[in-house]
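This is a predicted model, so every value here is computed, not measured.
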Amino acid sequence: MPEPEELLELDEIGSDPGTPIDRNLALELVRVTEGAAMSAARYMGRDDKIAADRAAVESMRRSLSHVDMAGVVKIGEGEKDKAPMLYIGEQIGNGNPPLVDVAVDPIDGTRLVARGLPGGIATVALSGRDTLLQTHCAYMEKLVVGPRARGVIDLRVSHTENLHRIAEAEQRPVHDLTVVVLDRPRHEDLLREIRATGARVKLITDGDVAAGIMAALPERTGLDVLMGIGGATEAVLTACAVRSIQGDMQCRLWPRDDDERKLIEREGFSETQIFRAEDLCAGDNIFFAATGITDGEMLGGVRFAGETVETHSVVLRSYTGTVRWIDAFHNLPKLRQRNEMSPLSDD
C-alpha cells in the first residue's frame, strides 16, 4: 500500500502536465548513493584516497546511467580532482525525460574514509534543467541554519551579529548554540569570534555536506549553525538539502588567488556577491540522497556481514518536504548476479 505522501505525489504531480518531473527521483537516487557507499567502504581505513574515490565514482556513474533522466553534471568532483568521470558538463542518465541538472560528490570526506574516520558519505542531488549554479571556483564561504532561523542570517554582517540573530530566532541564549566549523588555519579569526560570543564550537576535519545538513536538522543532530569556508561543490549539494527541509543558507565565492578572481569575473560573479540557497539551487522540485560510508553522527556507515551489507541513508524531496531515513539490507549474491552494485568483492 503506498504511503500517504506517495499518493499525494501521484495525485498532485501526475495531474499537472506542465510539471517536468513527475515521480520521486530521490528514491531512485538512494540506490545510486548506496552503491557508491558500499563500493567505497571496502577501502575504509586502507589509507588509499585514490582507490576509495575511484570505486565510488565508478559505481555512482554506472548507477546513474540507468536512471530515467537526461542529466547534465553541473557541479561535481571530476574537474577539481582531474578525474575522467562525473566532470562538469558530462551527460548522465539513460537520456529519457525529465531534463535535470545533477550535483555529485561520490565521497564527501575522502580522507575520512581512507583513514577510517567518522562522517564519510556518498551524496547526489538533482533539480530541473538550468537550476543549479555552475562555477569553476573551488571554494565558498557558507552560513547554514535550520528552519527556525530562516530569514535572519546575513553574510554582510559580523559572525557575532549572525549568532545573536540565530539565538533570538531559536529563542535560546547564544551560549546554547553549537557551531560546526572545518578545522583549517584559515578559520582562526572566525573561531576566535565565535568563541568570544560564548557559543560552543564543534570542529570537523572534513565532510561539510553532512555538517550542513546536520545544522539544518538541529533537533536530530544537536548542531545549530555551520560557518566557514569549504568546497563549492559541497555548497550546491548542501543548498539542495537545505531547501528540501526549508532551512536557510547564504554563501559567497572565495577565490584563492588572482587567477580564480579573474575566473569568477569571467563567469559573471563577484567576490562580494551573496548567494542564497535559492540561487545555488533554483528548482521547485529538488531531490537529494546521501548514504553513510563510515559511521557518523548523522548516518551509520556501511557494515559487511557475509552475504549481507547494511546501509543507512537520508532521502529528501523539496516538493513535499519529506525527510526519509532508510536502513537497508542488501543481498550480495543477488546484487552480483544482477551486476547492479559491483565492485563489492574483497580484493
So does Asp183 have more than 12 non-hydrogen atoms from other groups sitting under 6.0 Å from CG?
yes
Would you say Glu271 has more than 12 foreign heavy atoms packed within less than 6.0 Å of its CD?
yes
Cluster link Val72 to Val236, ILVMFWY, side chain under 4.5 Å:
no
Mark yes or no for whether His187, through its side chain, and Leu182, through its backbone, hold a donor-acceptor pair below 3.5 Å.
yes
More than 12 heavy atoms from other groups under 6.0 Å of CD on Gln91:
no
Would Arg186 and Tyr139 count as a side-chain contact (heavy atoms from CB on, under 4.5 Å) if you check the C-alpha gap in whole Å, the side-chain angles of each, and the deciding distance to 0.1 Å?
CA-CA 12 Å; Arg186 61 179 178 257; Tyr139 290 94; 4.2 Å; yes
With a 6.0 Å cut-off (strictly less than), is the heavy-atom count around CZ of Arg150, excluding the residue itself, greater than 12?
yes
Quick check against the 3.5 Å criterion: does Asp101 have a side-chain atom that pairs as donor or acceptor with the backbone of Leu132?
yes
Test salt bridge (charged side-chain N to carboxylate O under 4.0 Å, His left out) on Lys262 and Asp257; report intermediate values, then the result.
CA-CA 9 Å; Lys262 293 175 182 177; Asp257 50 36; over 6 Å; no
Whether over 12 other heavy atoms sit under 6.0 Å from Leu203 CG:
yes
Just by distance, with hydrogens left out, do Thr178 and Arg200 show a side-chain donor and acceptor under 3.5 Å apart?
yes
Out of curiosity, Ile213 CD1 to Leu299 CG, how far, rounded to the nearest 0.5 Å?
7.5 Å
Between Glu34 and Thr291, is there a side-chain donor-acceptor contact under 3.5 Å, judged purely by atom types and distance?
no
Electrostatic pair Glu161:Arg165 at N-O distance under 4.0 angstrom:
yes
So for atom CD, which belongs to Gln273, do other residues, nucleotides or ligands contribute more than 12 heavy atoms lying within a distance under 6.0 Å?
yes
State, with a plain yes or no, whether a side-chain heavy atom of Val145 is found less than 4.5 Å away from one of Glu170.
no
Under 4.0 Å between a side-chain nitrogen and a carboxylate oxygen: does that hold for Arg276 and Asp248?
no
For a quick check under 3.5 Å, do Asp68 and Asn94 share a side-chain donor-acceptor pair by atom type?
yes
Would you say that Gln134 contacts Ile75 through its side chain, given a criterion of any heavy-atom pair below 4.5 Å between the two side chains?
no
Give a yes or no on whether the backbone of Leu280 and the side-chain of Arg243 come within a donor-acceptor separation of less than 3.5 Å.
no
For Ile293 and Pro106 the tightest heavy-atom approach is CD1-O, 4.2 Å
Indicate whether the side chain of His164 and that of Thr197 have a donor and an acceptor atom separated by less than 3.5 Å.
no
Check Thr33 against Ala290 and note the closest heavy-atom contact, atom names and distance.
OG1-C, 4.0 Å
Heavy-atom side-chain proximity of Asp295 to Arg303 below 4.5 angstrom
yes
Any side-chain heavy-atom pair from Met140 and Leu133 closer than 4.5 angstrom?
yes
Given Glu58 and Ser39, is the side-chain contact (heavy atoms from CB on, under 4.5 Å) satisfied, shown in steps?
CA-CA 9 Å; Glu58 290 176 353; Ser39 295; over 6 Å; no
